[in-house]
Number of protein chains: 2
Amino acid sequence: MTATNGRPAAGSDADRGGGTGRDDTVAAVVRQWRSVHPGLDTGPMEVIGRINRCAALLQQSEDAPLRRAGLSRPEFDLLGALRRTGHELTPSELAKETFSSGAAVTKRLKQLTERGLVERRGDARDRRVAHLRLTDVGRDLVDGLLPEQLAYETAVLSVLAPEGQGELAALLAELLGRLEGRTGALRA
Amino acid sequence: MTATNGRPAAGSDADRGGGTGRDDTVAAVVRQWRSVHPGLDTGPMEVIGRINRCAALLQQSEDAPLRRAGLSRPEFDLLGALRRTGHELTPSELAKETFSSGAAVTKRLKQLTERGLVERRGDARDRRVAHLRLTDVGRDLVDGLLPEQLAYETAVLSVLAPEGQGELAALLAELLGRLEGRTGALRA
DNA sequence: CCAAAGTATTTTACGAGTAAAACATATGCT
DNA sequence: AGCATATGTTTTACTCGTAAAATACTTTGG
């Protein structure tokens, strides 16, 4: 919690490595804060601010191939969950799997079922629960879209060297694993 | 675009380093996809999926101190922009500064002005434009909240060693800088 | 000076997510 | 069996963001 931990001093390390690094907007914001509140440890901003901003930027571009297919990312995530698990899922399982609320899943399912991408089947034993599965059309849509989507993402990420991507993935995995360990239940 | 680029092979590298690494949910998802579509290069998922998931998780916890003050993160960002630039800003400048649409800024300003955190002043020369500034109350709120918020974020991030945080910040800065270079205009 | 075009901001209509309540059904206890 | 409680899902009321239209003002060029 002190202002002098192990992080490299902020405000001048914007370009590391080959000197090709542009200055990012978060660095500029942090610089402003530091000049207004010189005593503050702005370290967390440099991580969290950038994660948020990256997420926002990536989602804009990232979703381009999806939109061509008339799908939002949350919709694609839902279809993807059904595809990758390979079996039927109940609404609650889908909610857990896609990290969204039950109500949101209900709404998405309604639309996706109307579009014929997903089918609903009632449970014989417990008539409260529903089982959802992809229709053939839904399955083909996902299978056709995924390679496109991944190719697109590969292209977007190619601004980073492969080793950089690997390091980034590893660090994020570590952070994510521990954050999830704190709060998130580990799913079955 | 080939499946054999420089990234470490996915699916078994979940714990690196000291062996303390928990398995994160994205790793599990990627494993599922790989077993359904073995030919696919899932590299981008490991980066983008994790960035998105981290952003989501962080925002949940992150915003706790803010909520105590009755502020959403976008509201705090707006107040913060006014505080850190140190001068008045027009609605359009605020929109640029907080990466949100003009309409969203209008709405937030309305609420924040009603709450007495922000003041509006009309421009003498050009009567279309407004100039916004923090009230004393608004300024004190931001100044009181920021250290709390940063301390909280520091605590959340402390699941990563300081060097890890530094590396992560640097990699994200590089990614972000180049992504912004592609599309985003570099602001003044 | 006046009309046309441009710019800053707000308003409107709407889509999507959420929390909490409402339903519908199942399970446990006596 | 019968009632209380728990669980899975949907509905309701509401908030917030967005795109596009509307508004208000300014600038430009004849």
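Every chain is numbered from 1, with letters handed out A, B, ... down the list of sequences.
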- Electrostatic pair B:Asp77:B:Arg108 at N-O distance under 4.0 angstrom: no
- Sub-4.5 Å side-chain heavy-atom contact between A:Leu109 and A:Leu94: yes
- Task: Give the rounded distance in Å between these two atoms: NE2 of B:His131 and C1' of C:dA8.
- Result: 11 Å
- Query: Counting side-chain heavy atoms from C-beta on, which of D:dG8, D:dC25, C:dT10 comes nearest to B:Pro91?
  - Reply: C:dT10
- Message: With a 4.5 Å cut-off on side-chain heavy-atom distances among I, L, V, M, F, W and Y, is there a chain of contacts connecting A:Val36 to A:Val29?
- Response: no
- Side-chain donor-acceptor pair under 3.5 Å between B:Glu180 and A:Thr25, yes or no? yes
- Report yes or no: do B:Leu82 and B:Val129 belong to one cluster of Ile/Leu/Val/Met/Phe/Trp/Tyr joined by side chain heavy-atom distances under 4.5 Å? no
- Calculate the interatomic distance between B:Lys96 atom NZ and C:dT7 atom C1'; express it in whole Å. 12 Å
- Can B:Arg120 and B:Thr113 be counted as having a side-chain donor-acceptor contact under 3.5 angstrom? no
- Item | Rounded distance in Å - CZ (A:Arg125) to C1' (D:dG8) | 17 Å
- B:Asp123 CG - C:dA8 P separation (whole Å): 12 Å
- Message: Measure CG/B:Leu94 against C1'/C:dA8 and give the value in whole Å, please.
- Response: 13 Å
- Examine C:dT10: is either OP1 or OP2 under 4.0 Å from a nitrogen or oxygen in the side chain of B:Arg120? Give yes or no. yes
- Scoring nucleotides 11-20 of chain C by protein non-hydrogen atoms under 4.0 Å (B base, S sugar-phosphate only, - none) yields B-B--SBBB-
- Message: From CG of B:Leu71 over to P of D:dT15, roughly how many Å is that when rounded to an integer?
- Response: 17 Å
- D:dT26 base / B:Arg128 side chain donor-acceptor hit below 3.5 Å: no
- Item | Exam field: side chain B:Thr90 to backbone B:Ala130, donor-acceptor pair closer than 3.5 Å | no
- To the nearest Å, give me how far apart CD (A:Gln59) and P (D:dT18) are. 13 Å
- Query: For B:Leu89 and C:dA8, what is the distance between atoms CG and P respectively, to the nearest whole Å?
  - Reply: 14 Å
